[in-house]
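Working notes, beginning with the structure itself.
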There are 2 protein chains.
Amino acid sequence: MVKKVVIADDHPLFRAALKQAIRKISTNAKIMEVSSLGEASDILAGEDNINLLLLDIHMSDSDGFAGLIMYKQAYPLTPIVIVSASEEPEIIRNAIEFGASGFIPKSADLSVIREAINTVFEGQSWWPEVDGLSKLGRNGRIGFSESSKLFSTLTPTQSKVFMAIAEGLLNKQIAFKMDISESTIKTHITAIFKKLNISSRTQAVIFAKDLEKNTKQD
Amino acid sequence: MVKKVVIADDHPLFRAALKQAIRKISTNAKIMEVSSLGEASDILAGEDNINLLLLDIHMSDSDGFAGLIMYKQAYPLTPIVIVSASEEPEIIRNAIEFGASGFIPKSADLSVIREAINTVFEGQSWWPEVDGLSKLGRNGRIGFSESSKLFSTLTPTQSKVFMAIAEGLLNKQIAFKMDISESTIKTHITAIFKKLNISSRTQAVIFAKDLEKNTKQD
DNA sequence: TACTGCATAAGACTATAGTCTGAGGTTACT
DNA sequence: AGTAACCTCAGACTATAGTCTTATGCAGTA
């Protein structure tokens, strides 16, 4: 079966490196490259059954774990592996807690990267060996902002709608994009507002931007 | 005459230091302290004839020169002095270009801070001695993003309205806050949209947040 | 003086947003 | 089988947003 992989990283060189690594594993994989969260959103919205999303956590577009949180909400079944220049246990911990399937430090050599990707392709998780990770304790989330807590109560579909609002789309455009009626979009929006304690899409955008900012810890 | 001074800094200790410095100069000054851009906005909106705004450029709220740009647009007559932990010529240059009346490095000792504040109270500007500043060249702005360029075409009033939108306020609330009719608010908003090439307040919020992000260079 | 930019405003109108009610369907879990 | 959570949708309605037109007043300036 042909693997579908999305690489979201704004460094062309590293994107190429990741691409090489994937090619070694799966020669005929369909690899899509993007350099911003915005583009990544478009791909995820348009493609089904993506086998892997390699997500850099410090893209110029909108750094942070926001992407991970949002995509995991909207596409819980798509495996996401975080790619990062740093290796701090705190970041890895958060990646785990936010539902990532793995973590690849940019310092890792090709063989490690291949091993990680292979592991995730097989449906398992892959984490680097780092001091301080063991004392993790899966109970409760760490460094979770209030916004993140509220956001995490959204259902996958609500999350998608929310992200579309944050891109500045009209209800009509969201409806078209998701191929459901505008009426349903409104239903979702009303539910979203109640969960997030807000009352307008304008405030939703502010909420989204705060979320991006507060989850940034690269 | 009683001086009105606003200190916007999220480090309580440094806020206290600045307060001390001002007290030495003007014992009966009215000093208002805030720790975020949001609070600063409220004060500027509510108070007239402020003699000095001391503005930290890296507040947790929303770092960057966004505050300077916005406030200079909205209140061109209020002298603003930038306070910063760093002393890079680039930052000082930008402070000058964005219309600040002075720059105080946090490393400066009390006597220097007092000198700076005094100078600005007298209506002049005060800049630290830093290498590389002389080759400034007042012609043209440096490191100006496209958003900043567009934003700088807004008139003071339009800028105020824009900031209110970015806070998530309704037209009705903006009208009340600025004490003008909602009809006028709408007129301004239509003008703002044309200047910024956008078509909804939702996009305006996105624009504002990008502005904050792009002007951040602390 | 005439012109320009700016701020103010009302009125009429169209478009979007948002709420509420009620309803049908799926999936998963008890 | 029942229940709970989720996704879907329509219709009716109210509220907000946004455009366009027209108009007044003010300040600066050629």
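Convention: sequence-line order gives letters A, B, ...; per-chain numbering from 1. Everything numeric here is computed off the predicted structure, so don't read it as measured data.
- Residue pairs meeting the salt bridge (Lys or Arg N to Asp or Glu O under 4.0 Å) criterion with at least one member in residues 175-187 of chain B, sequence neighbours excluded, are B:Glu167-B:Lys177.
- B:Leu170 has its CG atom 6 Å from the P atom of D:dT16, to the nearest Å.
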Below 3.5 Å is the cut-off: list the nitrogen or oxygen pairs between protein and nucleotides 18-27 of chain D, distance only.
residue : atom : partner  : partner atom : Å
D:dG18  : OP1  : B:Arg201 : N            : 2.8
D:dG18  : OP2  : B:Arg201 : NH1          : 2.7
D:dG18  : N7   : B:Lys186 : NZ           : 3.1
D:dG18  : O6   : B:Lys186 : NZ           : 3.1
D:dT19  : OP2  : B:Thr190 : OG1          : 2.7

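- In this pair, B:Trp127 and B:Phe103 present their aromatic rings parallel. The plane angle is below 30°, not in the 30 to 60° band.
- Distance CD (A:Gln173) to P (C:dA15): 15 Å, rounded to an integer number of Å.
- Counting to the nearest Å, the P atom of D:dA10 and the CD1 atom of A:Ile185 are 12 Å from each other.
- Between the side chains of A:Thr184 and A:Thr187, no donor N or O sits under 3.5 Å from an acceptor N or O.
- Atom-to-atom, CD of A:Glu182 to P of D:dC7 comes out at 19 Å; the value is rounded to the nearest Å.
- With hydrogens and angles ignored, the 3.5 Å screen pairs a side-chain donor or acceptor of B:Thr153 with a backbone N or O of B:Leu150.
- Rounded to whole Å, atom P of C:dA17 lies 15 Å from atom CD of A:Gln203.
- Checked against C:dT8, D:dT8, C:dA9, the side chain of B:His188 finds its nearest nucleotide in C:dT8.
- Comparing C:dT16, D:dA17, D:dC7 by their closest approach to the side chain of A:Thr157 singles out D:dC7.
- With hydrogens and angles ignored, the 3.5 Å screen pairs no side-chain donor or acceptor of B:Gln173 with any backbone N or O of B:Leu169.
- Taking atom CE on A:Met178 and atom P on D:dC7, their separation rounds to 9 Å, with Å as the unit.
- Taking only side-chain nitrogens and oxygens, A:Ser183 never comes nearer than 4.0 Å to OP1 or OP2 of D:dC9.
- Taking side-chain N and O atoms only, B:Thr155 has a distance below 4.0 Å to OP1 or OP2 of C:dA7.
- Among the protein residues, A:Thr184 comes within range of the nucleic acid bases, having at least one heavy atom under 4.0 Å from a base atom.
- At a cut-off of 3.5 Å, with distance as the only test, no side-chain donor of A:Ser159 or A:Tyr71 sits close to an acceptor on the other residue.
- Atom CD1 of A:Ile180 is separated from atom P of C:dT26 by 17 Å (rounded to the nearest Å).
- In terms of position on DNA chain D, the residue among A:Lys195 and A:Asp179 whose nearest nucleotide sits closer to the 5' end is A:Lys195.
- Between the side chain of A:Lys72 and the backbone N or O of A:Thr78, at least one donor-acceptor pair lies under 3.5 Å.
- Summarising the geometry, the separation between CD on A:Gln158 and P on D:dA5 is reported as 13 Å, rounded to the nearest angstrom.
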